[in-house]
Amino acid sequence: MRNRVSKAIFPVAGLGTRFLPATKSVPKEIMTLVDRPLVQYAIDEARAAGIKEFIFVTSRGKSALEDYFDNAPQLEQQLRKAGKTELLEILKSTDMDSGEIAYMRQAKPLGLGHAVWCARRLIGNEPFAVVLPDDIIAADKPCLAQMVEAFEEKQSNIVAAMEVPVEKAGAYGVLDIKEDMGRIVSTKGLVEKPAPGEAPSNLAVIGRYILTPKVLSKLNKKRTGTGGEIQLTDAIADAREDGEEVYGFRFEGQRFDCGSKAGYLQATVAFALSRPDLRDDLWGYLNEVVHAEKAAQ
């Protein structure tokens with residue numbers, strides 16, 4: 001019997017300090033790209049991949065995130081009374097059914113691996129996805145759906161991967177490549193944030209994973225790694241050393257790092273330009289800015 005992926009973990013316990021002062025009172029995950037929160041993009045991607053159970057690992061100060069997925073009966077009533085059916089449908093698309101979503105607390109900021117470990121009892125002995133809402137991926141077929149197809153074939157750990165400049169490899173987990181088969185890459189291991197000149201490749205892991213329960217068993221050891229944190233990459237590498245296959249997956253699509261201000265702004269512009277209702281006005285403004293810049297030079 002082939003395993004299927006129906007559960008996903010969303011680690012959202014971070015403080016979002018790069019976006020202060022906004023994140024003093026607003027969780028970073030509900031900051032918006034155009035008119036949808038970052039976390040909504042992540043949820044929609046997971047739903048498109050067949051995920052049925054959504055597990056959020058949160059921390060103190062994230063109540064607004066939990067409220068976002070709740071029903072808003074007064075707002076719905078007002079929209080219905082005003083005949084704003086299109087907005088009502090958009091609002092309803094953000095609701096999560098009872099029992100579909102769960103919240104776990106990460107009491108201390110001990111790293112991504114620790115955040116995933118916090119959800120272990122809800123995962124049990126099943127394969128599961130990990131989705132980092134900071135990584136937004138624009139793609140015709142959602143990235144996680146592409147990865148689920150690869151998992152159904154390989155039935156092994158799959159990590160989303162992309163080429164990065166060699167000088168930036170130290171900011172990522174990096175694959176040690178065994179065989180490059182194009183879209184799929186088999187690995188000898190992974191290295192978390194390698195020192196300059198020590199990266200085994202320039203193929204970096206980004207925020208989408210499909211993992212086996214073996215990785216959770218490795219996280220049980222709570223081994224600290226880079227930065228004194230419990231690194232998910234280390235647990236995946238340990239599972240590989242125990243004989244579990246780990247594959248890198250070159251996804252189709254464009255990734256935006258919305259954990260950085262520059263990446264967040266780039267994503268905002270890109271997603272706005274993809275909207276027919278916004279494209280013309282935004283293009284006009286951007287052209288004005290470019291012409292004004294050239295004139296000033």
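For clarity, every value in this text was computed on a predicted model and none was experimentally measured.
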Where do [X] and [Y] come nearest, in terms of heavy atoms and distance?
X	Y	value
Leu38	Lys28	CD1-O, 3.5 Å
Cys118	Met104	O-CE, 3.3 Å
Gly182	Arg250	O-NH1, 2.5 Å
Pro142	Ala48	CG-CB, 3.7 Å

Using a strict 4.0 Å threshold on nitrogen-to-oxygen distance, state whether [X] and [Y] make a salt bridge.
X	Y	value
Glu76	Lys92	no
Asp176	Arg240	no
Arg4	Glu152	yes

Reference residue Tyr264; test ring pair (Phe, Tyr, Trp, His ring centres under 6.0 Å); the match among Phe19, Phe271, Phe256 =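 For Tyr264, the ring pair (Phe, Tyr, Trp, His ring centres under 6.0 Å) check succeeds only for Phe19.
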Look only at the side chain of [X] and the backbone of [Y], and say whether a donor-acceptor pair between them is shorter than 3.5 Å.
X	Y	answer
Asp180	Val185	no
Thr187	Leu175	no
Tyr41	Leu33	yes
Arg18	Lys261	no
Gln106	His114	no
Glu29	Pro37	no

ask   = Does one hydrophobic cluster hold both Val57 and Ile101, with members joined at side-chain heavy-atom distances below 4.5 Å?
value =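 Hydrophobic grouping puts Val57 apart from Ile101.
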Joint hydrophobic cluster, Met31 plus Ile43, side-chain heavy atoms closer than 4.5 Å =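 Linked within one cluster.
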ask   = Of the options Arg183, Met162, Lys141, which is the one that meets Phe251 in a side chain to side chain contact (heavy atoms under 4.5 Å, CB included)?
value =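 Passing option: Met162.
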ask   = Is it the case that Lys154 places NZ or CZ above or below the six-membered ring of Tyr247, under 6.0 angstrom from the centre and within 45 degrees of the axis?
value =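 Checked: cation-pi criterion met.
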inquiry  = Atom CG of residue position Asn125 - does it have more than 12 heavy atoms of other residues, nucleotides or ligands inside 6.0 Å?
reply    =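 Open.
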ask   = What residues, two or more places apart in sequence or in another chain, satisfy salt bridge (charged side-chain N to carboxylate O under 4.0 Å, His left out) together with Arg120?
value =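 Per chain and number, Arg120 pairs via salt bridge (charged side-chain N to carboxylate O under 4.0 Å, His left out) with no residue.
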task = Over 60° means perpendicular and under 30° means parallel, so classify the ring planes of Phe54 and Phe10, tilted if in between.
result =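 Because their plane-to-plane angle is under 30°, the rings of Phe10 and Phe54 count as parallel.
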